[in-house]
Amino acid sequence: MNAFPWIKLDRSEQIKDILEKSNEKPQVIFKHSTRCSISSVSKNRFEKSDPLDNVDYYMLDLIANRQVSSAVADKTGVYHESPQIILLVNGACIFDESHFAIDADEIKEQLSLNTKG
């Protein structure tokens, strides 16, 4: 099994680029706390899914990058939770979820409902 194709999100400047890229293809941000067992379980469960080819997946380590996490909340308008997954399409959040409700199949369903193609 290949490693999940996470892209490290560790700079606030990346958020603008992620929002712009969401106009071309969906972008997922996973806010992960390395000190939280619920976050670890949610992340491991998510990583067992097959990543979609047309989606970029970003991993944000909340412990190491608190300011980046705050910037994500500010720029997306999504209230911070941990762990949390945020799905961005066309420059806006179309779906977010937290804790044990994080589910890769739900991301796929939201994309089928909210995107063409």
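Since this is a predicted model, take the numbers as computed values, not measurements.
I85 and L9 are not part of a single hydrophobic cluster, where members link through side-chain heavy atoms under 4.5 Å apart. F95 and M59 fall within the same hydrophobic cluster, defined by Ile, Leu, Val, Met, Phe, Trp and Tyr side-chain heavy atoms under 4.5 Å apart, directly or through other members. Hydrophobic clustering (ILVMFWY, side-chain heavy atoms < 4.5 Å, transitive): V55 and I29 are in distinct clusters. Follow the hydrophobic side-chain contacts under 4.5 Å out from I38 and you never reach I63; the two are in separate clusters. No single ILVMFWY cluster, assembled from side-chain heavy atoms under 4.5 Å apart, contains both I18 and L111.
Within the 4.5 Å cutoff, side-chain heavy atoms of E47 are placed close to those of W6. In this structure, K21 and D56 have side chains that are in contact, with non-hydrogen atoms separated by less than 4.5 Å. Counting heavy atoms from C-beta on, the side chains of I107 and D103 never come closer than 4.5 Å. With a 4.5 Å cut-off on side-chain heavy atoms, C93 and L88 count as touching.
Taking both residues in full, the closest heavy atoms of F46 and A104 are given as CE1-CA, 3.5 Å, listed atom of the first, atom of the second, then distance. Nearest approach of N23 to G91, heavy atoms of both residues: OD1-N, 3.6 Å. Here the shortest heavy-atom pairing between S69 and L60 reads CA-CD2, 3.6 Å. Nearest heavy atoms, L62 versus S33: CD1-N, 4.0 Å.
In this structure, CG in L19 is found 7.5 Å from OG1 in T76, a value given to the nearest 0.5 Å. Atom-to-atom distance recorded for I102:CD1 and S39:OG is 7.0 Å, nearest 0.5 angstrom. One distance of note links CG of D96 with CD of Q84; it measures 5.5 Å at 0.5 Å rounding. Separating the NZ atom in K25 from the CG atom in N90 is a distance of 14.5 Å, to the nearest 0.5 Å. Taking CG from L87 and CD1 from I94, the interatomic distance works out to 4.0 Å, rounded to the nearest 0.5 Å. Atom CG of D61 is separated from atom CG of D10 by 9.5 Å, given to the nearest 0.5 angstrom.
Atom NZ of K8 has 12 or fewer neighbouring heavy atoms from other residues, nucleotides or ligands inside a 6.0 Å radius. With a 6.0 Å radius and a threshold of 12 heavy atoms from other residues, nucleotides or ligands, N44 has its CG atom above the threshold. Applying the 6.0 Å contact sphere to NZ of K75 captures no more than 12 heavy atoms from other residues, nucleotides or ligands.
Side chains of E81 and S98: a donor-acceptor N/O pair is present below 3.5 angstrom, by distance only. When only modelled atom types and interatomic distance are considered, H99 and S42 share no side-chain donor-acceptor pair under 3.5 Å.
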Notebook entry, point to check: So L52 and K108, side chain to side chain contact (heavy atoms under 4.5 Å, CB included) or not? Walk me through it.
Noted result: CA-CA 8 Å; L52 298 170; K108 292 173 185 174; 3.7 Å; yes

Margin query: Set out, in order, the CA-CA distance, both residues' side-chain angles and the distance that settles side chain to side chain contact (heavy atoms under 4.5 Å, CB included) for Y57 and Q27, then state yes or no.
Written below: CA-CA 6 Å; Y57 295 91; Q27 307 289 300; over 6 Å; no

Next item on the list: Check the pair S82, K31 against side chain to side chain donor-acceptor pair (under 3.5 Å), reporting the backbone distance first and the verdict last.
Entry: CA-CA 6 Å; S82 170; K31 290 184 170 186; over 6 Å; no

Next item on the list: Report the C-alpha distance between H80 and S70 in whole Å, list the side-chain angles of each, state the deciding distance to 0.1 Å, and finish with yes or no for side chain to side chain contact (heavy atoms under 4.5 Å, CB included).
Entry: CA-CA 7 Å; H80 168 75; S70 295; over 6 Å; no

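Not less than 6.0 angstrom separates the ring centroid of Y58 from the ring centroid of F30.
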